Amino acid sequence: MSKKTLFDKVWDAHVVDKIENGPQILYIDKHLIHEVTSPQAFNELEDRGIPVYRPNQIVATADHNTPTENQHLPIADLQSRNQLEQLSTNCKKNNITLYELGHKYNGIVHVMAPELGFTQPGMTMVCGDSHTSTHGAFGTIAFGIGTSQVAQVFASQCLLLTKPKSLRVTVNGNLKNGVLPKDVILYIISKLGTNSGTGYFCEYAGDVFENMSMEGRMTVCNMSIEMGARGGMIAPDQTTFDYVEGREYAPKGEAFSKKVAYWKTLPTDEGAAFDKEYTFEAEDIEPMITYGTNPGMGIKVSENIPNNKDASFVKSLEYMNFEAGESLINKQINYVFIGSCTNSRIEDFRIAAKYIEGRQKADNVIAWLVPGSKQVETQIIEEGLKDVFDAAGFELRQPGCSACLAMNDDKIPEGEYCVSTSNRNFEGRQGQGSRTILASPLVAAATAVAGKIVDVTKNIETLEFS
Amino acid sequence: MEKFTTLTSRAIPLDIANVDTDQIIPARFLKATDKKGFGNNVFRDWRYNKEGSENTAFALNNKNYYGSILVAGDNFGCGSSREHAAWALVDYGFRVIVSSFFADIFKGNALNNGLLPVQVTAPFLNELLNTIKNNPDTKIIVNLELQTISAGDKSESFDIDSYKKTCMINGYDDIDYLLSKKTEIEAFENALG
């Protein structure tokens, strides 16, 4: 029998049919939807008189466009309100479960779905959002799709796809204190570039990922798309099973045991071949920051911005108002954002709180903490982290995508820098003219305290972060 | 979906690499619930200065350049999965995007909207950009049937999935095909139990 990768095993189990010399029909187990990329798909089906085929396999939430303050009040922005109302109407009409604004399970789609146990190993999952790759942390084939494809899944629970090539990134060894999953993925992207993964599905392997929590694995897989890969995956193991067990929509009792037995067969066979392989050493990774306008433009906090004559590189530094060759340490920062589907899980806020406890936010900084879901928000309060944040002058807001893409009012003003735990530093991503510096929750917390970028490794001798 | 066979047009050169979908259509314009009207805001923050005046240095505002072909730098369409980017380009009037590399999701979205992504080699892209800049009224010919793109005496062939080619030429979309496979899909579901 030929040796298979984790990706092959899950993919092959979902192929309904193959078109000769063309794409394959892939069955989709779970379809996640939100307010921004679904309305046109609902309209399309309605116009063509096609019913939603499997409404019970769809999960809906409101996240991209929602305010992070006063969520109990009507939304002031008319267009935003209309978009959310359309989502509610469409879900009601088509019998789709919606975790709307204010619901105790509402949250960012890639935070609430795993939290509720919708995400399980061995599944195929899609969403009209490129960070759907997050769910690959469970050994799931999960990827972002366009709205035409949302309509296809509505109509048939399937997609027509060409099977992607396989890529494996292995990181072995032990991470240094203060080096977090976000640093690992920013490091990988800085080495491989933003299009190295295009056309590929990536598996992350090695000690570093095996030793990571599920939250950390989700952070890593989340950013797979930033190197162009449609998705990233990590083999399911005991950490995965323990996370899934007991969650609201996870299988229970004997059904769960049966699933686990199947999930254990999924990891890549010894000796299975990948189309492309990269290997890195954990010891080489340090806390990372970005200096440019794509996520591949990252350096260790302790490094200087590289020199490059390429026109796009020059344009990028001009936008950021940085000089080639300079260090970013001591650069004044007035905005810090801890949130987004990359870093808004409870572990991220625990890390931030651990660093912040006993310290104060710098006066020049506005620091927004935006939990990924209502459940995370509740946990922050119950664990006493909110008290730490309040005492230090950080602002805990309500859940949503928030300043990651600034569709709501959470915008970074023009020309201002924001050290952000989100996933994209594109021009204007966090508001027109805003300048984003991507980092881990620890680097973000340290920036907020110092009011400038600091080499966080020098401030954590007495604390353990992993 | 509109059919596509051949197109002869002038082109607009956008000599920038890694054009992400946030630049093609910024997130603040994603609140609309239909597909029309995004063209007004395509490349919004590059086309207009802060105070709202036109940025004359930007290729789309250069009166010398017009046409329904956009020739762009490497890795076009990276970032967000928003199909609004494809809708915006189509709504503005583009039928073809030429680049040396396309991001996956954007490429699929373009094909699903009758917008043809033509992937050429890096040297051909450079030549094409130079040709257009030196002679803006150069006619570019894109022939989907033959899978060729030519400008003057320069020509190159490009790849496209044969299924997608058929869809583009005939104006079919994936939904029609998937619905014709309902029996197979139901059988697959029954086998899952």
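Predicted model, so just to flag it, every value in this text is computed and none were measured. First the proteins, then the strands, lettered A, B, ... as listed; each starts at 1.
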Side chain / backbone / both / neither for A/I145 at chain B, heavy atoms under 4.5 Å:
backbone
Which portion of A/R429 sits near chain B, non-hydrogen atoms under 4.5 angstrom:
both
Pick from B/K35, B/E189, B/R82 with the largest number of heavy-atom pairs that fall under 4.5 Å of chain A:
B/E189
Given heavy-atom pairs under 4.5 angstrom as the criterion, report whether the side chain, backbone, both or neither of A/V15 touches chain B.
backbone
In terms of heavy-atom proximity below 4.5 Å to chain A, should B/D74 be classed as side chain, backbone, both, or neither?
side chain
I need the residue from A/G199, A/G428, A/A311 with the largest number of non-hydrogen atom pairs under 4.5 Å to chain B.
A/G199
Identify which part of A/L405 has an atom lying under 4.5 Å from any heavy atom of chain B, answering side chain, backbone, both or neither.
both
Counting neighbours of CG on A/D409 that are heavy atoms of other residues, nucleotides or ligands and sit closer than 6.0 Å, is the number greater than 12?
no
Nearest heavy-atom contact between B/F188 and A/A13 is CZ-O, 3.3 Å
Can you tell which part of A/N195 gets under 4.5 Å to a heavy atom of chain B, answering side chain, backbone, both or neither?
both
Among B/G73, B/G79, B/A17, B/A191, which residue forms the greatest number of heavy-atom pairs with chain A at distances under 4.5 Å?
B/G79
A/N43 portion near chain B, given a 4.5 angstrom heavy-atom threshold:
side chain
Strictly by modelled atom types, are A/R424 and A/S130 linked by a side-chain donor-acceptor pair under 3.5 Å?
yes
Give the ring-plane orientation class for A/F154 versus A/H31, where under 30° counts as parallel, over 60° as perpendicular and anything between as tilted.
tilted
Quick one: do the B/T148 and B/N143 side chains pair a donor with an acceptor below 3.5 Å?
no
How about CD on B/E51, more than 12 heavy atoms from neighbouring residues, nucleotides or ligands closer than 6.0 Å, or not?
yes
Worked verdict on A/S316 versus A/N294 for side chain to side chain contact (heavy atoms under 4.5 Å, CB included):
CA-CA 8 Å; A/S316 185; A/N294 72 56; 5.9 Å; no
Does any heavy atom of chain A fall under 4.5 Å from the side chain of B/K181, the backbone, both, or neither of them?
side chain
Portion of A/F143 that has a non-hydrogen atom of chain B nearer than 4.5 angstrom:
neither
Presence of salt bridge, B/D174 and B/K164, under 4.0 angstrom
yes
Pair B/Q23, B/D20: side-chain N/O donor-acceptor within cut-off below 3.5 Å:
yes
One option among B/T21, B/N109, B/I185 has the most heavy-atom pairs under 4.5 Å with chain A, and it is B/I185
Pick whichever of A/P23, A/G431, A/C127 has the most heavy-atom pairs under 4.5 Å with chain B.
A/P23
Do you know which of A/P39, A/S156, A/S148 has the most heavy-atom pairs with chain B at a distance under 4.5 angstrom?
A/S148
Between B/E156 and B/T121, do the side chains contain a donor N or O and an acceptor N or O under 3.5 Å apart?
yes
So which residue, B/D34, B/I16, B/N18, B/L192, ends up with the most heavy-atom pairs under 4.5 Å with chain A?
B/D34
Please classify the contact of A/D310 with chain B as side chain, backbone, both or neither, using a heavy-atom distance under 4.5 Å.
neither
Side-chain (A/T37) to main-chain (A/I33) donor-acceptor, under 3.5 angstrom:
no
With only heavy atoms counted, which part of A/N82 is less than 4.5 Å from chain B, the side chain, the backbone, both or neither?
side chain
Looking at A/K315, A/E20, A/E226, which makes the most heavy-atom pairs under 4.5 Å with chain B?
A/K315
Partner chain A: residue of B/S80, B/P26, B/A85, B/S162 with the largest heavy-atom pair count (under 4.5 Å):
B/S80
Looking only at heavy atoms, what is the nearest atom pair of A/L167 and A/G197, with distance?
CD2-CA, 4.2 Å
Can a donor-acceptor pair be found between the side chains of B/N112 and B/E83 at a distance below 3.5 Å?
no
Checking B/K50 against chain A: side chain, backbone, both or neither under 4.5 Å from a heavy atom?
side chain
With chain B as the partner, which of A/Q86, A/H131, A/Q79, A/Q432 has the greatest number of non-hydrogen pairs under 4.5 Å?
A/Q432
Highest number of heavy-atom pairs under 4.5 Å with chain A among B/Y163, B/F102, B/F106, B/F29 belongs to B/Y163
Under 4.5 Å from a heavy atom of chain A, the part of B/D104 involved
both
Between atom OG1 of A/T124 and atom CD of A/Q157, what is the distance when rounded to the nearest 0.5 Å?
8.0 Å
Quick one: do the A/N65 and A/E35 side chains pair a donor with an acceptor below 3.5 Å?
no
Looking only at heavy atoms and a cut-off of under 4.5 Å, which of A/S38, A/C158, A/G22 has the most pairs with chain B?
A/C158
